[in-house]
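Right, one structure below, let's go through it.
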Amino acid sequence: MDFARSAEVASRFVHLATAGSTNDEIAERVRRGGRSEWPEFSTVVTDSQTSGRGRLGRSWVAPPGTMLATSVLLWPGRSGIDRPDALGWLPLMAGLAMVRSVRGLGVEADLKWPNDVMVRDGKLCGILSEYVGDGAVVLGAGINLTLTTEQLPVRTATSLAIEGVQADPDGVLAGYLVELRSLYGAFANSGGDSEASGLFAEVSVACSTIGKTVRVELPGTESLVGVAESLDGDGRLVVDSPGRRTAVSAGDVTHLRY
């Protein structure tokens, strides 16, 4: 598989025939080689990921050749992103970058807080941001390319093929990397200020969760039902429920219909 366009965007590019987890692959390379060998925007990609995972340790499974898993290395502190609230914006930034890439293919995708790219009710892509030590952050993304309805791991998933697009994997990835570089560059230039960089406004527009009645399964056993009112300065979801307004930093969100 040729990834010539993507390799031009990345600072260092590694295409693996198969990988357990691209996040783990790049994290291990950073531990061995450090920043001198693995600069910001180093990228690892595979179309056969055998031990992919999402938030809360959940597995991400797809037959070989039907999806694209990629991980991008960032060094936020060394790029001037030193605000304490900044890291929470990185997965939202990655989600927005993928939304833009997919929309460029004619698919009306949007962002579901905190880390899913959706087409209507179907999950097209998941994002996983992980701190890997020494100030490095890895942004992992897994997007379904050619999965058929019979191959879907869950009924709530979808793929570009199901949405009527036979996409070139290199085109999808290159588009994502270009958008991510643009968003991250503005964010870094503002010192990690989501409002000054425009990220707050752009994510808010792309996020279909805002304005919806939602149920949020919080860590532990508590759940919260209310209207997802907005994002706050940390990228948290502000939910207005009877008797209180809660800024949620982590939790599974279900869009409810009444």
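We use all heavy atoms of the structure for the numbers below, so side chains are in, but hydrogens, waters and symmetry mates are not. Owing to the predicted nature of the structure, the values given are computational and were not obtained by experimental measurement.
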*Show the numbers, then the answer: is there a salt bridge (Lys or Arg N to Asp or Glu O under 4.0 Å) between Glu8 and Arg5?*
CA-CA 5 Å; Glu8 288 182 359; Arg5 291 170 57 193; over 6 Å; no
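A distance-only check finds no donor-acceptor pair linking the side chain of Asn144 to the backbone of Leu147 [under 3.5 Å]. Checking side-chain atoms of Asp168 against main-chain N and O of Asp170 turns up a donor-acceptor pair under 3.5 Å. Using a distance-only test at 3.5 Å, with no hydrogens or angles considered, a donor-acceptor pair links the side chain of Trp113 to the main chain of Gly235. Using modelled atom types, one side-chain atom of Trp89 and one backbone atom of Gly233 make a donor-acceptor pair closer than 3.5 Å. Without hydrogens or angle criteria, Ser208 side chain to Asp110 main chain gives no donor-acceptor distance under 3.5 Å.
The only option from Asp47, Thr46, Val44, Val45 that meets the side chain to side chain contact (heavy atoms under 4.5 Å, CB included) definition with Thr70 turns out to be Val45. A side chain to side chain contact (heavy atoms under 4.5 Å, CB included) with Pro76 is found for one member of Tyr131, Tyr184, Phe187 and no other, namely Tyr184.
Listed here is the closest heavy atom pair of Gly192 and Asp85: O-OD1, 4.3 Å.
Taking 4.5 Å as the limit, some side-chain heavy atom of Arg181 sits within range of a side-chain heavy atom of Ser11. Under the 4.5 Å side-chain criterion, counting only non-hydrogen atoms from C-beta, Tyr176 is not in contact with Val9. Considering only heavy atoms from C-beta on, Asp193 stays 4.5 Å or farther from Phe200 through its side chain. Counting heavy atoms from C-beta on, the side chains of Leu180 and Leu139 come closer than 4.5 Å. At a threshold of 4.5 Å between non-hydrogen side-chain atoms, the residues Leu96 and Leu199 count as touching. Val117 places none of its side-chain heavy atoms less than 4.5 Å from the side chain of Ile143. Counting only heavy atoms from C-beta outward, the side chains of Asp134 and Val30 never approach each other to under 4.5 Å. Taking 4.5 Å as the limit, every side-chain heavy atom of Lys123 sits out of range of all side-chain heavy atoms of Lys112.
With values rounded to the nearest 0.5 angstrom, Ser194 atom OG is found 6.5 Å from Arg83 atom CZ. Residue Thr148 holds its OG1 atom at 4.5 Å from CD of Glu150, rounded to the nearest 0.5 Å. With rounding to the nearest 0.5 Å, the separation of OG1 in Thr246 from CD in Glu222 is 7.5 Å. In this structure, CZ in Arg215 is found 11.5 Å from NE2 in His255, a value given to the nearest 0.5 Å.
By the neighbour-count criterion of 12 heavy atoms within 6.0 Å, atom CZ of Arg32 is densely surrounded, having more than that number from other residues, nucleotides or ligands. Residue-environment remark: CZ (Arg245) stays at or below the threshold of 12 foreign heavy atoms within 6.0 Å.
One finds no salt bridge joining Asp121 and Arg155 here, because no Lys/Arg side-chain nitrogen approaches an Asp/Glu carboxylate oxygen to under 4.0 Å.
Residue Leu16 is not grouped with residue Val172 when hydrophobic side chains (ILVMFWY) are merged at heavy-atom distances under 4.5 angstrom, including chains of intermediate members. Leu73 and Met93 are assigned to two separate hydrophobic clusters, defined by single-linkage of ILVMFWY side chains at heavy-atom distances under 4.5 Å.
Under 3.5 Å, the side chains of Ser79 and Glu40 contain a donor-acceptor pair of N or O atoms. Side chain to side chain, Glu163 and Thr158 meet the donor-acceptor criterion of an N or O pair below 3.5 Å.
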